[in-house]
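Take a look at the structure set out below.
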Amino acid sequence: MSAPGRAPGGDGPASGRRARILARVRAALGGRERVTHPGDFTGPRPLDARGSDRLRSFEEALVAAGGEVVRFASVEEARRWLADFAAAFETISVGATVSAPLRPDRPVATPGAAALGVSVARAAVAETGSLVLDARDGRRTQLLPPTHLVWIRGSDVHVTLRDALLDLRGGLPSAVGLHSGPSKSADIGQILVRGVHGPGRLIAGLIVEDDGPRAAPSTP
Amino acid sequence: MRPSSACCPKHRAPDVRVALFATCLGDAFFADACADTVRLLRRLGVDVDFPEGQTCCGQPAFNAGHASAARRMARHTLDVFAGADWVVLPSGSCAGMLRAVFPELLAGEDHERALDLAERTFELAQFLVQVMGVDRLGAGLAGTRVAYHHGCHALRELGVHDEPLALLRGTGAEVVAWEADRECCGFGGLFSVKLPEVSCAMADRKLDTLPEVDLVTSADGGCLMQLSGRAGRRRGRVPAFRHLASVLWEATSA
Amino acid sequence: MSAPRPGGYRAAAREVLRDRPEVRTSVMAATHTFDEHRRASWEEIDADAWRDWMRDVKSHVLTHLDVYLETAEARLEANGVRVHWAETAGDALAALGAVAEAHGVRRAVKAKSMLSEELGVNAFLEERGVLVRETDLGEYIIQLLGEPPSHIVGPAIHRSVDDCRRLFGEKLGTAPDASPEDLAAAARAALREDFLSADLGISGANFLVAETGTVALIENEGNIRLSTSMPRVHVALVGIEKLIPRLEDLSAFLQLTARAATGQAIGTYVSLIQGPRRQGEPDGPEEVHVILVDNGRTRLLADERAWEALRCVRCGACLNTCPVYRQTGGHPYGWAYSGPIGAVLAPGLLGLEEAMPLPFASSLCGACAEVCPVRIPLPELLVYWRERAVEAGLAPVSERLGMNAYAAAATRPRLFGAAATLLRHVPWELGGRALPVLGSWTAQRTAPPAAPRTFRSLWREGIE
């Protein structure tokens, strides 16, 4: 099989294909009226109907999708709960950026072998019930163990997905995962099953250390 | 398809003079329903005319991609109904053709004429409720269990949904809930004979979900032909299939 | 996937309706569920406002597509992604093949990608000795069956639980009375092996964000996150129409696409991929490639009417509501995209003649336009392609002649009236031989009872 005459990298500006495709796009657009970007989407959001308590909204959305949420008033309270919770799991895998008190004291295994994965979310989204997971914490731990515990601080929960994305923009890692519930599929006869590939159980450990409001989201 | 604007002031007979557009299917296969349309409108004090130059609105040609044939028929229709105050059709799909498609199909001066015609054109149930302000015709259907099939063009092009139901309920009929009442029956003009197997499967879907009723009615003759035609080849109890105009006339004249 | 065959639509539809009625049952039920969920979730939001906005953003991108493609390429390269440009399916496959060869790939895992179906990726790689494993559960099922996908979002909706029991029993050794949970667990275990050992992960893209060079992917199972995270190399196939301008624009697109497809507020997993693993990250692919694919999209973009079809976000909502699609599922359409969007894309991406008769495989009921999240005028485009087909001489001669004769009669009222009188007397049951069109009606339906008189003649006599 013939390969292009260079290492399998990109085509680069010298590529004829690139130039031809762009030329065809320009020719296609010709004299067509250009449509301007409509600007920021400011339509009513689902959350408006559900009220302004973003933590409660986050919890409701994640639980409605089959996830679980446990609330703690402090890291210390979370740590005590964790010791008890993790006892049921033979082995664990822990994300690279999880702080010491929030790492269970259990035998560590590779992500592919561990029964419990523990991660920390960079942020969360109330309106969609999503946890924002960063590749720097480790993707395998976020995906391979059948049970996944994710720590999230109340002050890191955004109201809208738009706010969360604006916040991410300045510091994107190689990959971000938005996890909004346990893995699911209805491909077998339209019957819902959990844990097909990703974790079948997703728990958010929500640490709300104070009742202060989230820092103001970026304005439209 | 765009629902055309449907609001209109209420008018009182004897000011109302209507030109009836019977439609090609109406003329050939639903003559009684067209006659009942005339009787019904006259009973309400409306003066009804039938411009004899009328033929076909061009919808079968348009839907099949024969735009120039459709334009010829559209222009002819514009000429025939040029002088009419109101144009009423016992067909949701043909009314949709005049209201929603003619202005798109024709350019220049004909486009203006088409816009003008569109404003004066109504499907029968739409006309009775929105223009004549009718909500109660005679109670002659009291006790009858009726299922209403919403033709696609009436529903989605004209935005007609509540009007025929209100008129039927006003006759004392019980309009029975039908899960698939707004799904396409599979007629689609030439579609019914170009892809007959799929067309019949669509009719089967309607008939499989049909509740136990005495009567199935609709504002579109093509849909009635399709549903009654398919029902005639299936086993089991077959209800009566009658055009809305005839059903309403019967209720009024009983 | 073998070469596209939309031309076989009528025969294939007839066959599945006659020989496999269970397909219609399964498809009807699945699409009903999807559509019900969509409807309920749209009631929670101002769907009209969302749809207007998404239509305008997509139209904006498409009418500035050259700028957005260049911006995206620059960002992707700055992120360390290798960018390839493919004019044809052949170019895309060649680029993919070159990557596979350079890395000595023996085994690949694939996330569900309709573009990869369109290009014929699996067959191409398998001919080159690469084992390709579909990882989406629905795609996995049809891969085991050797079938193409039946629906844009749910590839196996035409198959029942019992079908899956038989299949998994045969291929994976599950028990004959296995529950759906058992079946899923068996698939999970089998595919876990593939995720852990694959050299290459292949995905499509739901969106490509120009501002940040982000490839965005939506799913519910986790197989996309795994396919794009575990193997050393990740190749994303991206149709050039997938661009959107800014990261924040993704917010509405992710949410409305999910609501339109399955009624969910958002897909269970969303991957936002910027590039290969970075210094200090514990895992991730070493190399990420994006293949930007034209394959007929610029031809469609050039079409003054049909370019609007390129706004499609592949949600499948139009399939779920199409009364024609719901009778047979996707196979009779003969290529990757079925239902209303398939019929509207085909003439642009495959060519007008190759696409026949798909633009005619519709009763023009308009249900699709009511649910499209980006407001593609599907019924208008179906009529448009029919007009183009007639102009190109692709309608049967008899039909063209018949229409012209009909139009001639329709502009001559006396002739028309006479013809109507005559036609009513044609015996439909017997006329099938002389006029096959009548036979098409009477094969499965009774003929309409001929009214004793035309309305015209009743009017002339006076209506009491």
Side-chain angles (χ1 to χ4, degrees), chain B residues 1 22 24 26-32 34-35 38-39 50 52-56 58 60-70 72-73 75-76 80 152-153 155-157 183-184 186-203 205 225-226 228-230 232-233, chain C residues 10 13-14 17-18 24 28 323-324 326-328 357 360-367 369-370 379-380 383 385-390 395 399-400 403-404 406-407 409-411 413 416-417 420 423-424 437-438 440-441 443-448 450-459 463-464:
Chain B
M1 295 183 181
C24 58
D27 189 31
F29 295 105
F30 292 90
D32 287 336
C34 294
V38 174
R39 294 177 183 120
F50 176 72
E52 300 225 20
Q54 62 182 263
T55 54
C56 172
F62 176 73
N63 285 352
H66 297 266
S68 61
R72 288 163 66 187
M73 292 187 255
R75 281 191 209 104
H76 177 81
V80 167
C152 300
H153 296 261
L155 183 63
R156 298 189 186 95
E157 243 174 10
E183 292 180 30
C184 180
F187 182 63
L190 286 183
F191 173 83
S192 61
V193 290
K194 288 166 82 148
L195 289 166
E197 300 84 8
V198 176
S199 168
C200 288
M202 290 163 74
R205 162 74 183 161
M225 271 172 57
Q226 165 81 349
S228 64
R230 184 67 188 138
R233 285 291 176 84
Chain C
R10 182 178 169 189
R14 185 173 52 219
L17 285 169
R18 183 188 63 211
R24 178 169 175 270
M28 199 67 83
V324 173
R326 294 180 75 206
Q327 306 304 324
T328 63
F360 292 88
S362 164
S363 61
L364 300 178
C365 81
E370 292 191 325
E380 278 96 330
V383 171
W385 284 127
R386 294 178 185 193
E387 288 170 12
R388 294 278 308 274
V390 166
E399 183 187 305
R400 212 162 23 87
M403 275 300 172
N404 288 337
Y406 189 73
T411 49
F416 191 83
L423 272 173
R424 288 176 330 103
V437 67
L438 296 183
S440 291
W441 183 277
Q444 290 174 281
R445 287 162 285 208
T446 56
R453 314 276 297 280
T454 59
F455 174 72
R456 228 169 270 271
S457 62
L458 286 181
W459 174 267
I463 292 173
E464 299 301 321

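Sequence lines set the chain letters: A, B, ... in the order given, protein chains first and strands last, and positions in each chain run from 1.
- With a threshold of 4.5 angstrom between heavy atoms, C/Arg388 does not approach chain B through any atom at all.
- Heavy-atom pairs under 4.5 Å with chain C peak, among B/Cys56, B/Gly232, B/Gly58, at B/Cys56.
- B/Cys34 contributes atom SG, which lies 11.0 Å from atom CH2 of C/Trp459 (distance to the nearest 0.5 angstrom).
- Here the CG atom belonging to C/Leu364 is positioned 12.5 Å from the CZ atom belonging to B/Phe187, to the nearest 0.5 angstrom.
- Using a 3.5 Å distance cut-off with no hydrogens or angles, the side chains of B/His66 and C/Glu387 do not pair a donor with an acceptor.
- For B/Ala35 against C/Leu458, the heavy-atom pair with the smallest separation is CB-CD1, 4.3 Å.
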Checking B/Glu197 against C/Arg18 for the salt bridge (charged side-chain N to carboxylate O under 4.0 Å, His left out) test, could you report, in this order, the C-alpha distance in whole Å, the side-chain angles of both residues, the deciding distance, and whether it holds? CA-CA 9 Å; B/Glu197 300 84 8; C/Arg18 183 188 63 211; over 6 Å; no
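- A salt bridge links C/Glu370 to B/Arg156: one of the charged nitrogens lies within less than 4.0 Å of a carboxylate oxygen.
- Looking at C/Ser362, only its backbone comes within 4.5 Å of chain B, counting heavy atoms on both sides.
- In this structure, the side chain of C/Thr446 engages the main chain of B/Gly229 through a donor-acceptor pair within 3.5 Å.
- B/His76 NE2 to C/Phe416 CZ: the interatomic distance, rounded to the nearest 0.5 Å, is 9.0 Å.
- C/Phe455 has its ring centre no less than 6.0 Å from the ring centre of B/Phe30.
- Separation of atoms CZ (B/Arg205) and CZ (C/Arg24) is listed at 8.0 Å; rounding is to 0.5 Å.
- In this model, a donor atom of one side chain and an acceptor atom of the other lie less than 3.5 Å apart for C/Arg445 and B/Ser199.
- For B/Ala203, no part lies near chain C; criterion is any non-hydrogen pair under 4.5 Å.
- Both the backbone and the side chain of B/Val198 come within contact range of chain C, judged by heavy atoms closer than 4.5 Å.
- Side-chain atoms of C/Arg14 never come within 3.5 Å of backbone atoms of B/Pro196 as a donor-acceptor pair (strictly under, hydrogens ignored).
- With a 4.5 angstrom heavy-atom cutoff, C/Ala410 touches chain B via backbone and side-chain atoms both.
- When the candidates C/Ser457, C/Ala407, C/Ala389, C/Ala361 are compared by the number of heavy-atom contacts under 4.5 Å with chain B, C/Ala407 comes out ahead.
- Looking at B/Arg39, its side chain never comes within 3.5 Å of a backbone N or O of C/Ile463 through a donor-acceptor pair.
- With respect to the salt-bridge test (charged N to carboxylate O, under 4.0 angstrom), the residues C/Glu399 and B/Lys194 qualify.
- Remark: the backbone N or O of C/Thr411 is not paired with any side-chain donor or acceptor of B/Arg72 at under 3.5 angstrom.
- The most heavy-atom pairs under 4.5 Å with chain C, out of B/Ala69, B/Pro60, B/Ser68, come from B/Ala69.
- B/Asp27 places no side-chain N or O within 3.5 Å of a backbone atom of C/Thr454 that could act as its donor or acceptor partner.
- Proximity to chain B (any heavy atom under 4.5 Å) is shown, for C/Phe360, by both the backbone and the side chain.
- In terms of heavy-atom pairs under 4.5 angstrom with chain C, the leader among B/Gly186, B/Ala28, B/Ala61, B/Ser228 is B/Ala28.
- Between B/Cys24 and C/Tyr406, the closest side-chain pair of non-hydrogen atoms falls below 4.5 Å.
- Per-residue counts of heavy-atom pairs under 4.5 Å with chain B were compared for C/Gln444, C/Arg453, C/Arg386; the largest is that of C/Gln444.
- With chain B as partner, the option from C/Val324, C/Asn404, C/Thr328 having the largest number of non-hydrogen pairs under 4.5 angstrom is C/Val324.
- Atom CD of C/Gln327 is separated from atom CE of B/Met202 by 6.5 Å, given to the nearest 0.5 angstrom.
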